[in-house]
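Working notes, structure below.
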Amino acid sequence: MSGARFEPTPGPSSEIELLARAQALAGVRLGELAERLERPVPTDLRRAKGFVGQLVELGLGATAASRSGPDFAELGIELKTLPVDSSGRPVESTFVCTISLTDVGDIEWELSPVRAKLARVLFVPVEGERERPVAERRLGTPLLWSPSAEEESELKFDWDELAGRIGRGDVEGITGHLGRYLQVRPKAADSHARRRALDADGVAFQALPRGFYLRASFTARIVAAHYALAR
DNA sequence: GATTGATCATGT
DNA sequence: ACATGATCAATC
C-alpha cells in the first residue's frame with residue numbers, strides 16, 4: 001500500500017482500446033473534457049501552448065508529459081493533437097523531435113529519431129482556430145497512422161537533405177524553406193538559446209537549437225485520405 | 001492568407 | 001539544462 005498510486009486514467013492495454021477511447025472523445029469540447037479531469041481551461045493558449053496536447057494525454061491515459069519515449073510506451077504509439085480549421089485542414093505544422101546537431105549527420109534514415117517517432121502515431125484533430133474560445137473547441141475523429149511506403153520515402157528524401165546539411169556543418173544555412181514535407185525550424189526557449197554544434201571542420205560552436213517539424217501540407221494529406229476512406 | 005522564426009509552461 | 005507538449009506573432 002505504501003507504494004500504491006492512483007492515476008487519473010489507467011493506460012490503455014491495446015491499440016483497439018486506445019482507439020476506442022479516442023473515438024469516444026470525438027465531438028467532445030475541451031471545456032467538457034477539462035471539467036471531467038478537473039483541470040482549469042486557459043482563456044487563450046499564448047501562455048499555455050501545450051494545454052491541448054496535455055489535456056488529451058491525460059484523457060487517454062498516456063504516460064505523463066515530458067517523459068521521453070512514446071506517449072503510450074507499451075503500445076509504441078505517439079500521440080499528436082492536430083489543430084484544424086472548420087474544414088478539417090491542419091492550421092499548424094507538427095513538431096516531431098529535437099535535433100542533436102553534433103550527431104544528426106551520421107544517422108541514416110532507417111535509424112533516425114524522425115522515423116522512430118512517426119512509426120505509429122495517433123492523430124487527434126482538434127478545432128484550432130484562434131477566434132474559437134479554447135473551451136468550445138471540439139475534438140475530432142482520431143486517426144491511427146503509420147507512414148505508407150510513399151510517405152516514408154518522401155520523409156527520407158527530406159531527412160537526407162536536412163540531416164546531411166547539418167552534418168556538413170551548415171546548420172546556420174538551414175531555413176524553414178527547406179524540405180518538401182519535413183522541415184527544420186528553431187525549437188528553443190527563445191532566439192538566444194544555444195547548443196553545441198559542429199562546423200565543416202568538426203570544430204564545436206554554439207548554435208540555435210532546432211527541431212524537425214512536419215509541414216501542414218503533409219498532415220493535411222494524411223487527414224484528407226482518412227476522411228476519403230471513412231465516408 | 002500562408003509560412004517561418006520566436007516563444008511559453010511544465011516535468012525530469 | 002533539456003525534453004515534453006505545441007502555438008504565437010512577425011514577416012513574406
Side-chain angles (χ1 to χ4, degrees), chain A residues 5 7-8 11 22 30 33-34 37 39-73 77-87 89-104 113-114 116-118 121-135 137 139 158 162 165-166 171-197 206-221:
Chain A
R5 291 291 183 279
E7 293 178 22
L30 294 181
L33 181 57
L37 299 169
R39 303 266 304 187
V41 178
T43 51
D44 64 63
L45 301 182
R46 281 179 300 182
R47 301 256 158 166
K49 297 181 180 180
F51 171 76
V52 178
Q54 287 154 3
L55 187 71
V56 175
E57 280 186 342
L58 198 57
L60 294 176
T63 309
S66 298
R67 292 279 305 275
S68 65
D71 297 290
F72 300 95
I77 295 174
E78 176 73 16
L79 172 67
K80 290 291 182 193
T81 55
L82 190 64
V84 296
D85 65 17
S86 56
S87 51
R89 217 161 186 289
V91 299
E92 286 287 351
S93 56
T94 298
F95 173 69
V96 180
C97 61
T98 51
I99 305 175
S100 170
L101 299 173
T102 52
D103 303 339
V104 73
V114 171
K117 272 279 184 191
L118 300 179
V121 181
L122 180 66
F123 284 107
V124 177
V126 182
E127 289 178 322
E129 293 146 315
R130 292 187 197 183
E131 54 272 24
R132 189 182 298 271
V134 176
R137 298 181 188 182
L139 296 164
D158 290 337
L162 297 165
R165 200 158 172 143
I166 296 172
V171 64
E172 303 296 37
I174 289 190
T175 75
H177 297 279
L178 293 170
R180 180 89 186 272
Y181 297 112
L182 188 67
Q183 63 178 173
V184 169
R185 306 220 309 274
K187 171 62 173 174
D190 58 51
S191 62
H192 304 300
R194 288 294 181 270
R195 293 191 66 174
R196 187 165 179 271
Q206 296 296 111
L208 179 64
R210 319 287 173 116
F212 285 107
Y213 295 79
L214 294 177
R215 292 184 178 278
S217 59
F218 186 80
T219 50
R221 264 193 345 190

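Lettering of chains follows the sequences in order, A, B, ..., and the numbering in each one begins at 1.
What separates CG of A:Leu37 from C1' of C:dG5 is a distance of 16 Å, to the nearest Å. In this structure, CG of A:Asp190 is placed 12 Å from P of B:dA9, rounded to the nearest angstrom. The nearest whole Å value for the distance from the CD1 atom in A:Ile99 to the P atom in B:dG5 is 13 Å. Distance, A:Leu30 CG to C:dG5 P: 17 Å, rounded to whole Å. Going from atom CG of A:Leu45 over to atom C1' of B:dC8 covers 11 Å, rounded to whole Å. A straight line from CZ of A:Phe123 to P of C:dG5 spans 12 Å, rounded to a whole angstrom. Atom P of nucleotide C:dG5 and atom CG of A:Leu60 are separated by 13 Å, given to the nearest angstrom. For A:Leu58 and B:dG11, the CG to P distance is 11 Å, given to the nearest whole Å.
With 3.5 Å as the limit, one finds a donor-acceptor pair spanning the side chains of A:Arg185 and A:Ser93.
The listed nucleotides are C:dG5, C:dA3, C:dT7; the one nearest the side chain of A:Arg195 is C:dA3. Looking at the side chain of A:Arg215, the nearest of the listed nucleotides B:dT12, B:dT4, C:dA9 is B:dT4. Nearest to the side-chain atoms of A:Thr98 among the listed nucleotides B:dT4, C:dT4, C:dT7 stands C:dT4. For A:Glu78, taking side-chain heavy atoms from C-beta onward, the closest of the listed nucleotides C:dG5, C:dT4, C:dA9 is C:dG5. Among the nucleotides C:dA6, B:dA6, C:dA3, the one closest to the side chain of A:Ser191 is B:dA6. You'll find that the side chain of A:Arg185 is closest to B:dG5, out of C:dC8, C:dT4, B:dG5.
For C:dA6, the OP1/OP2 oxygens have a side-chain nitrogen or oxygen of A:Thr81 closer than 4.0 Å. Proximity of A:Arg47 to the phosphate of B:dA9: a side-chain N or O atom is located under 4.0 Å from OP1 or OP2. Phosphate contact (OP1/OP2 of C:dT4, side-chain N/O of A:Gln54, threshold under 4.0 Å): absent.
In this structure, A:Arg39 and A:Gly176 both approach DNA chain B, and ranking their closest nucleotides by distance from the 5' end singles out A:Gly176. The residue among A:His177 and A:Leu79 whose nearest nucleotide of DNA chain C is located toward the 5' end is A:Leu79. Nearest-nucleotide positions on DNA chain C place A:Gly69 closer to the 5' end than the other of A:Arg137 and A:Gly69.
Here the side chains of A:Leu178 and A:Val184 are not in contact, with every heavy-atom distance at 4.5 Å or above. Taking the side chain as every heavy atom from C-beta outward, A:Thr43 and A:Val134 never approach each other to under 4.5 Å.
Using a 4.0 Å heavy-atom criterion, one finds that A:Thr94 contacts no nucleic acid atom at all. Counting non-hydrogen atoms under 4.0 angstrom, A:Pro83 reaches the backbone sugars and phosphates but no base. Looking at heavy-atom distances under 4.0 Å, A:Asp44 makes no contact with the nucleic acid at all. Note on A:Ala216: nothing from the nucleic acid sits closer than 4.0 angstrom, heavy atoms only. Within 4.0 Å (heavy atoms only), A:Gly50 reaches at least one base atom of the nucleic acid.
Here the closest heavy-atom approach between residue A:Gly69 and residue A:Lys117 is recorded as O-NZ, 4.3 Å. In terms of heavy atoms, A:Leu101 sits closest to A:Arg196 at CB-O, 3.7 Å. The two atoms that bring A:Ala188 and A:Ala193 nearest to each other are CB-CB, 3.7 Å, heavy atoms only.
For A:Arg130 and C:dA9, a side-chain-to-base donor-acceptor distance below 3.5 Å is present, hydrogens and geometry of angles not being considered. Side-chain atoms of A:Lys187 and base atoms of B:dG5 include no donor and acceptor less than 3.5 Å apart.
Of the options A:Thr219, A:Leu214, A:Asp158, a side-chain contact (heavy atoms from CB on, under 4.5 Å) to A:Tyr181 is made by A:Asp158 and by none of the others.
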